Amino acid sequence: MSDTSTSLFGTFDEETGVYTPRQVIGDDLGDMSFEDAIDGTIVEFDDGDIVHGVVVKVDKDEVLLDIGFKSEGVIPSRELSIRNDVDPNEIVSLGDQIEALVLQKEDKEGRLVLSKKRAQYERAWGDIERIKEQDGVVRGPVIEDVKGGLILDNGLRGFLPASLVELRRVRDLQPYVGKEIEAKIIELDKNRNNVVLSRRAWLEETQKEQREEFLANLKPGETRKGIVSSVVNFGAFVDLGGMDGLVHVSELSWKHVDHPGSVVQVGDEIEVQVLDVDLDKERISLSLKATQQDPWQEFATTHRVGELVYGRVTKLVPFGAFVQVGEGIEGLVHISEMSQHHVDLPEQVVTPGEELWVKIIDLDLQRRRISLSIKQAAEGGEVAEEYREHFGEHAYDAEGNYIGGETDPAVEQAWAEYYEQYPEARPEAIAAEGAEAPEADAVAVAEVELATEPEPEAEAAPEPEVAEAPEAAAPEETPEA
């Protein structure tokens with residue numbers, strides 16, 4: 001019997017000396033030829049197909065992907081991501097298994113050109129269309145702050161308008177760049193490559209229960225504190241601590257408002273009154289002026305017909321002049337109440353900006369109208385209480401009629417110096433001689449009076465003429481309108 005030994009290289013029969021090599025491979029091709037077997041290992045694809053491969057090289061300008069083709073596919077850096085000017089090393093690494101879309105099976109240099117972002121784009125469109133059909137939410141990082149909004153990377157370049165980032169308008173969008181956010185899909189158009197998102201819609205949906213509870217607890221008539229979140233042409237939005245309410249421009253002030261920005265600014269903390277709560281539309285109507293004193297009510301409470309008030313002419317009209325007699329309060333002086341004599345045009349008597357005394361002859365709070373008279377003010381009468389303090393209470397009797405007050409010390413000093421220089425002009429000296437002061441002295445008196453008049457810019461208000469007023473120095477201070 002022969003002795004046979006086995007090795008890694010085959011078998012050897014020591015008795016016969018015959019070597020039999022080890023069978024390295026077996027014929028497992030069956031009826032397939034070797035050439036056909038080789039062709040079967042090569043991937044078949046066409047332009048526009050999506051292929052899978054392994055990253056085998058990463059350069060600053062391109063990435064090489066082994067997809068099992070006769071040569072590696074090339075992904076230019078611009079075809080790696082929907083982001084602009086990115087470093088390929090930030091997108092892929094050696095050994096990563098990724099998918100790519102075939103742009104050109106063979107370019108003019110014989111290279112296989114691929115695109116990772118196009119494959120991602122095709123895949124993302126399918127996903128985002130499905131999400132929109134299911135009314136779902138997309139998630140992704142904010143990659144850019146562009147004019148009018150943000151760009152969200154959800155496989156596509158989703159546009160998120162600035163007005164839809166938060167429940168209220170956001171002015172500075174830069175802090176959102178790099179953050180992962182969620183949003184609802186509100187518009188899709190593959191032909192135009194248009195994807196519009198809304199984070200506000202997502203916030204409204206997630207906070208629906210809180211909003212409903214907030215609105216249910218908000219009652220018309222109650223007063224709330226809030227922060228002005230935005231100012232628009234038609235009013236201002238106020239954050240009440242959960243939802244925004246609108247203060248319409250007509251509810252900002254008792255006075256006429258040209259623009260809401262003249263009354264409130266973004267960030268102001270104000271107190272407002274709730275006017276109405278619309279549960280269906282989830283809208284809150286607010287009022288700022290309702291928390292303030294009605295100037296007409298205040299004026300009607302502190303004034304009455306027959307009183308004299310000081311005002312400023314604001315404008316002239318063919319039938320008279322409007323005079324401001326308080327903050328936001330204007331009354332009409334009809335042309336028939338301007339003078340004792342006939343007046344054809346208001347400018348014959350007054351000019352815009354002129355300050356003067358007028359008498360209240362009618363006060364209609366309900367219609368918010370005041371009728372005034374210059375003609376009757378010239379006849380004297382009771383002065384409104386707020387003007388009395390400018391002259392001192394001692395200058396008026398119990399009925400409010402002006403009776404004069406203490407003489408200005410400066411005037412007294414001027415007369416003392418005059419009498420010292422011209423003793424013959426003293427009243428008692430004139431009375432003793434039974435004669436009038438000489439004409440030269442009269443001129444000197446006029447000069448002294450002029451010297452004691454106030455400066456032009458602090459021109460004294462004309463004093464209301466009072467019937468049978470005693471001889472007393474006219475008040476020097478000008479009452480403020």
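Note that the coordinates shown come from a computational prediction; the quantities given were computed from them, not determined experimentally.
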Is there a side-chain contact between [X] and [Y] in this structure, where contact means two heavy atoms from C-beta onward sitting under 4.5 Å apart?
X: Phe159; Y: Glu144; result: no
X: Val55; Y: Val63; result: yes
X: Trp357; Y: Val383; result: yes

Do side-chain atoms of [X] reach the backbone of [Y] as a donor and acceptor pair under 3.5 angstrom?
X: Asp59; Y: Asp61; result: no
X: Asn193; Y: Asp189; result: no
X: Gln348; Y: Asp344; result: yes
X: Gln265; Y: Gly261; result: yes
X: Asp96; Y: Ser93; result: yes
X: Lys315; Y: Ala321; result: no
X: Glu133; Y: Arg130; result: no
X: Lys184; Y: Arg199; result: no
X: Asp364; Y: Arg367; result: yes

Q. Could you walk me through whether Gln292 and Glu271 pass the side chain to side chain donor-acceptor pair (under 3.5 Å) check?
A. CA-CA 10 Å; Gln292 303 167 346; Glu271 190 171 52; over 6 Å; no
To the nearest 0.5 Å, how far apart are [atom1] in [X] and [atom2] in [Y]?
X: Leu215; Y: Asp278; atom1: CG; atom2: CG; answer: 9.0 Å
X: His303; Y: Leu308; atom1: NE2; atom2: CG; answer: 11.0 Å
X: Leu65; Y: Lys116; atom1: CG; atom2: NZ; answer: 10.5 Å
X: Thr351; Y: Glu347; atom1: OG1; atom2: CD; answer: 10.0 Å
X: Phe322; Y: Leu372; atom1: CZ; atom2: CG; answer: 10.0 Å
X: Asp268; Y: Ile227; atom1: CG; atom2: CD1; answer: 8.5 Å

Do [X] and [Y] sit within salt-bridge range, that is, some charged N less than 4.0 Å from a carboxylate O?
X: Glu337; Y: Lys359; result: no
X: Arg139; Y: Glu182; result: yes
X: Arg304; Y: Glu307; result: yes

**Q.** Intermediate values then yes/no, side chain to side chain contact (heavy atoms under 4.5 Å, CB included), Arg368 and Gln297
**A.** CA-CA 9 Å; Arg368 294 177 181 266; Gln297 181 65 55; over 6 Å; no
Q | Residue among Glu379, Gln376, Lys375 satisfying side-chain hydrogen bond (donor to acceptor under 3.5 Å, both in side chains) with Gln340 | A |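 It is Glu379, the one option of Glu379, Gln376, Lys375 that forms the side-chain hydrogen bond (donor to acceptor under 3.5 Å, both in side chains) with Gln340.
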**Q.** Identified side-chain contact (heavy atoms from CB on, under 4.5 Å) partner of Pro260 from the options Val232, Leu252, Leu288
**A.** Leu252
(Q) Quick check on side-chain contact (heavy atoms from CB on, under 4.5 Å): which of Val146, Val165, Val142 does Leu160 satisfy it with? (A) Val165
Q.
Between Arg123 and Ile50, is the side chain to side chain contact (heavy atoms under 4.5 Å, CB included) condition met? List the steps.
A. CA-CA 10 Å; Arg123 187 79 64 192; Ile50 292 179; 4.3 Å; yes
**Q.** Minimum-distance pair of heavy atoms, taken over all atoms of Leu152 and Pro141
**A.**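 Scanning both residues, the minimum pair turns out to be CD1-O, 3.4 Å.
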Q.
Tell me the closest heavy-atom pair linking Leu114 and Ala100, and the distance in Å.
A. CB-CB, 3.9 Å
Taking atom types as modelled, is there a side-chain donor on [X] or [Y] under 3.5 Å from an acceptor on the other?
X: Thr314; Y: Glu330; result: yes
X: Glu355; Y: Gln324; result: no
X: Asp239; Y: Ser229; result: no

Q: Give the intermediate values and the outcome of side chain to side chain contact (heavy atoms under 4.5 Å, CB included) for residues Thr223 and Val272.
A: CA-CA 6 Å; Thr223 301; Val272 291; over 6 Å; no
Q | Residues, nucleotides or ligands: over 12 heavy atoms within 6.0 Å of Glu213 CD | A |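 Incorrect, the count does not exceed 12.
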